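Worksheet: one structure, shown below.
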Amino acid sequence: MEQAGSIDLVQQLRAHLESLQAAGVLFVPFDASAPLQVATNLGAQTNGAIAEVVETPPEDPIEVRQRELAVLREEVAKCDKCSELFSTRTQTVFGSGPLDAEVGFVGEAPGSAEDAQGEPFVGKGGQLLGRIIAACGFTRDHVYLFNIIKCRPPANRAPSMTECGNCRDFFRRQFELVKPKFLVALGSTASRLLTGQNQPLAKLRGKVYEYRGVPLVCTHHPDEIEKDASGARKREAWEDMKLLLRTMGREVPAPKS
Ligand code: URA
């Protein structure tokens, strides 16, 4: 309300000054000792003789979100809700990529390489994820990478439901600020939590879900693809990426031979 009133005042002042100018008035006497609170707040500048109104440019919403994301990152870095994770982590691993990314890839939890570097998906599984992303025709600049929880569980054990619950609010706020247009859940933990269905991954794959209004596809975790010598999980993951690309309305790139 107050801002709308201030904008109104600026418009009235501008109209008044323009009508004075049209009438041939070139200088407006200005009393520097008079209170100038409204004009000062609005960025008015004066040289003591002419009052020129300069409107403060509206804030870029992306910059606002970027700032809020930086605040959230700090909050996450200080979190001590899970005492075991807090006492064993090197650092928290928040996420990486641009705001409004085309696709958000959601893993489970940082591993040892991520814990050491503070970045998601920088270990062996992350390199495979990079190849999957490239095969889809994206670069890392198109995607936002983050995890359900922000601390490495000791010995890379699966995170407990309590730990996932403790991180849930961080995850939701991060998701709302980044606003990826599509989501991919990597592995069963992310797939179950984002679909809200307590089913094996095999049952969750192959369909398009919605997470908070955003289309979501579930697939294998890259670490699990790495472990599967038969290549079956790799082929299935590619089927899932094709489903993602079709859902996005993008062409499916031909497989490289
Ligand atoms: N596995 C994950 O789920 N996330 C990472 O960031 C790295 C490995």
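Remember, predicted model here, so these are calculated numbers, not experimental data. Counting convention: from 1, in listed order, for ligands and their atoms alike.
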- Is it true that Glu236 and Arg233 have a side-chain N and a carboxylate O under 4.0 angstrom from each other? no
Note down each nitrogen or oxygen pair, ligand 1 side and protein side, whose separation is under 3.5 Å; give only atom names and the distance to 0.1 Å.
unit_1: ligand 1; atom_1: 1 (N); unit_2: Ala109; atom_2: O; d: 3.4
unit_1: ligand 1; atom_1: 1 (N); unit_2: His221; atom_2: NE2; d: 3.1
unit_1: ligand 1; atom_1: 3 (O); unit_2: Glu108; atom_2: N; d: 2.8
unit_1: ligand 1; atom_1: 3 (O); unit_2: Ala109; atom_2: N; d: 3.4
unit_1: ligand 1; atom_1: 3 (O); unit_2: Ala109; atom_2: O; d: 3.3
unit_1: ligand 1; atom_1: 3 (O); unit_2: Asn147; atom_2: OD1; d: 3.3
unit_1: ligand 1; atom_1: 3 (O); unit_2: His221; atom_2: NE2; d: 2.7
unit_1: ligand 1; atom_1: 4 (N); unit_2: Ala109; atom_2: O; d: 3.1
unit_1: ligand 1; atom_1: 4 (N); unit_2: Asn147; atom_2: OD1; d: 2.7
unit_1: ligand 1; atom_1: 4 (N); unit_2: Asn147; atom_2: ND2; d: 3.4
unit_1: ligand 1; atom_1: 6 (O); unit_2: Phe121; atom_2: N; d: 3.0
unit_1: ligand 1; atom_1: 6 (O); unit_2: Asn147; atom_2: ND2; d: 2.9

- Message: Surrounding NZ of Lys242 (heavy atoms of other residues, nucleotides or ligands, distance under 6.0 Å), is the total greater than 12?
- Response: yes
- In chain order, what residues pass the ring pair (Phe, Tyr, Trp, His ring centres under 6.0 Å) check against Phe94, with sequence neighbours excluded? none
- Task: Flag yes if more than 12 heavy atoms outside Arg250 fall under 6.0 Å of its CZ atom; otherwise flag no.
- Result: yes
- Query: Under a single-linkage definition using a 4.5 Å side-chain heavy-atom cutoff for Ile, Leu, Val, Met, Phe, Trp and Tyr, are Ile132 and Tyr144 assigned to the same hydrophobic cluster?
  - Reply: no
- Counting only heavy atoms not in Lys81, do more than 12 sit closer than 6.0 Å to its NZ atom? yes
